[in-house]
Structure formats: structure tokens, C-alpha cells
Amino acid sequence: MADHVDLVLAQWARHRPELDVSPMAVIGRLSRLSRLVGAELQRTFATHGLDGASFDVLATLRRAGPPYRLTPTELMRAAMVTSGAITQRLDRLEARGLVTRTPSEADRRAVLVALTDEGRALVDRVLPDHVATEERLLAALAPAEREDLARTLRGLLESLGDTTD
């Protein structure tokens, strides 16, 4: 069975046979998977009145553990977005009563973002649906294949500097 990337590779082989386009086999599939997976995840989030960016902030605060608070800078690093993007996300979530922003007691110049009870309840409702969507998306892979793929992708991410250090 062939996919769209196979078609693209065959076309390049016909029209530029001297060029090794084999990287497209991986990058093209990663790109297409990203779009398809992203669309499925967005559908899941939308059923709960969220988008992926909002879920990311709520989930990051939730996994931080009690008292479910982080600085905007910590959230920005976790989400790998600009400070302006985090500010917009926090404005929307705060307007909905899902997070609060308060001055830090240790440093009045710093702000802490915290999940509200409503925000925590929402992320706790969304998470099982999110995991079920991911499970459905990976259903074609056996457990060993998932582990191999996860290991391979981790290695690629590390080679590109995406580490926790």
C-alpha cells in the first residue's frame, strides 16, 4: 500500500533522478502526521471548549503538582512559545476563570500563574479523552513498534537540541 509521500518520491525520481530525495520519506511523513494528529487532537479539545494551546497551559500547570503554580516564564519554556503568546493564552484562560495571576510573595515583581479549581476540574475531564484520542491514533502500532518509534523520535529530537537540560 502506498501513501501520498510515496507518490511524491516517485514523481521526484522521474523528474530529478540525480537528486537523493530520501529525506522526504521521513520529513514528509512526519509533517503529514503532525497535521493529521493535530486536527484530531483539536477536535477532542474543542468538545471541551478548548484549543491545543489552552490545554497545553492547563496541563502544564496540572502536571506541576500542588499548588499547580508556575511563572509565565516557566510556562513559556514548557510551551516553547514567545512571551506574547503566553500572555495571550493566559489572558483567555484568566477571563474564563481557569487560571489566576497573582504577585509572588517572594518577589513582588514576579507573577505566579495558578490553576483555579475550575481549571483543574476541566483539565482532569479533558485528559482521559485526550489520552483516548492518542490511543486511537496509535492503534495501528503494536506496543513494541510504539516503543521503537518513541525511542527513534527521542533520538532525533535530542540530535536537534530538544533536551530537558
Side-chain angles (χ1 to χ4, degrees), residues 3-5 8-9 20-46 48 50-94 98-102 104-107 109-115 119-120 122-165:
D3 65 4
H4 179 76
V5 175
V8 169
L9 294 172
D20 176 12
V21 296
S22 62
M24 290 182 186
V26 175
I27 301 299
R29 286 184 175 99
L30 285 173
S31 178
R32 290 179 68 81
L33 275 169
S34 178
R35 284 193 305 273
L36 292 168
V37 166
E40 288 297 314
L41 295 177
Q42 288 298 346
R43 275 193 273 286
T44 298
F45 299 140
H48 295 277
L50 291 173
D51 59 19
S54 297
F55 176 78
D56 186 40
V57 170
L58 296 175
T60 300
L61 289 166
R62 178 66 171 95
R63 15 176 239 277
Y68 312 109
R69 281 191 314 219
L70 294 171
T71 66
T73 301
E74 290 168 323
L75 287 167
M76 184 178 72
R77 286 186 187 131
M80 296 188 315
V81 296
T82 65
S83 61
I86 281 295
T87 299
Q88 289 176 348
R89 291 175 188 185
L90 294 177
D91 288 346
R92 287 193 310 265
L93 292 169
E94 190 173 37
L98 302 173
V99 301
T100 60
R101 286 184 271 199
T102 57
S104 167
E105 293 175 11
D107 180 356
R109 296 169 297 171
V111 172
L112 292 173
V113 178
L115 271 180
R120 182 175 170 203
L122 178 58
V123 75
D124 284 348
R125 282 192 310 273
V126 176
L127 189 58
D129 288 348
H130 173 61
V131 173
T133 298
E134 290 181 335
E135 178 66 36
R136 180 177 50 80
L137 292 170
L138 295 174
L141 300 178
E145 290 173 312
R146 290 183 192 192
E147 290 173 19
D148 289 345
L149 181 57
R151 188 173 29 260
T152 299
L153 292 173
R154 180 187 308 112
L156 183 57
L157 286 167
E158 288 172 354
S159 78
L160 297 173
D162 189 20
T163 63
T164 59
D165 307 347

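What you see is a predicted model, and the numbers here were worked out from it, not measured in a lab.
Every side chain to side chain contact (heavy atoms under 4.5 Å, CB included) that L157 has, sequence neighbours left out, goes to D162. V21 is linked by a side chain to side chain contact (heavy atoms under 4.5 Å, CB included) to L9, W12, L19, M24, counting only residues two or more places apart in sequence or in another chain. By the side chain to side chain donor-acceptor pair (under 3.5 Å) test, E94 pairs with R101, sequence neighbours left out. With sequence neighbours left out, the side chain to side chain donor-acceptor pair (under 3.5 Å) criterion links T100 to no other residue. With sequence neighbours excluded, the residues forming a salt bridge (Lys or Arg N to Asp or Glu O under 4.0 Å) with R151 are D148, listed by chain and number. Scored by the salt bridge (Lys or Arg N to Asp or Glu O under 4.0 Å) test, R62 finds D124 as partners (sequence neighbours excluded). The side chain to side chain donor-acceptor pair (under 3.5 Å) check on S31 picks up R35, with sequence neighbours excluded. Listed by chain and residue number, nothing satisfies the side chain to side chain donor-acceptor pair (under 3.5 Å) test with E105 (two or more places apart in sequence, or in another chain). Evaluation of the side chain to side chain contact (heavy atoms under 4.5 Å, CB included) rule for L153 yields L30, L149 as partners, not counting sequence neighbours.
Sorted pairs that involve residues 56-88 and meet ring-ring contact (aromatic ring centres under 6.0 Å, His included), not counting sequence neighbours, are lacking altogether. Within the structure, salt bridge (charged side-chain N to carboxylate O under 4.0 Å, His left out) pairs that include any residue of residues 76-89 comprise D56-R89 (at least two apart or interchain). A salt bridge (charged side-chain N to carboxylate O under 4.0 Å, His left out) check over residues 126-143, counting only residues at least two apart or in different chains, returns the pairs E40-R136, E135-R146.
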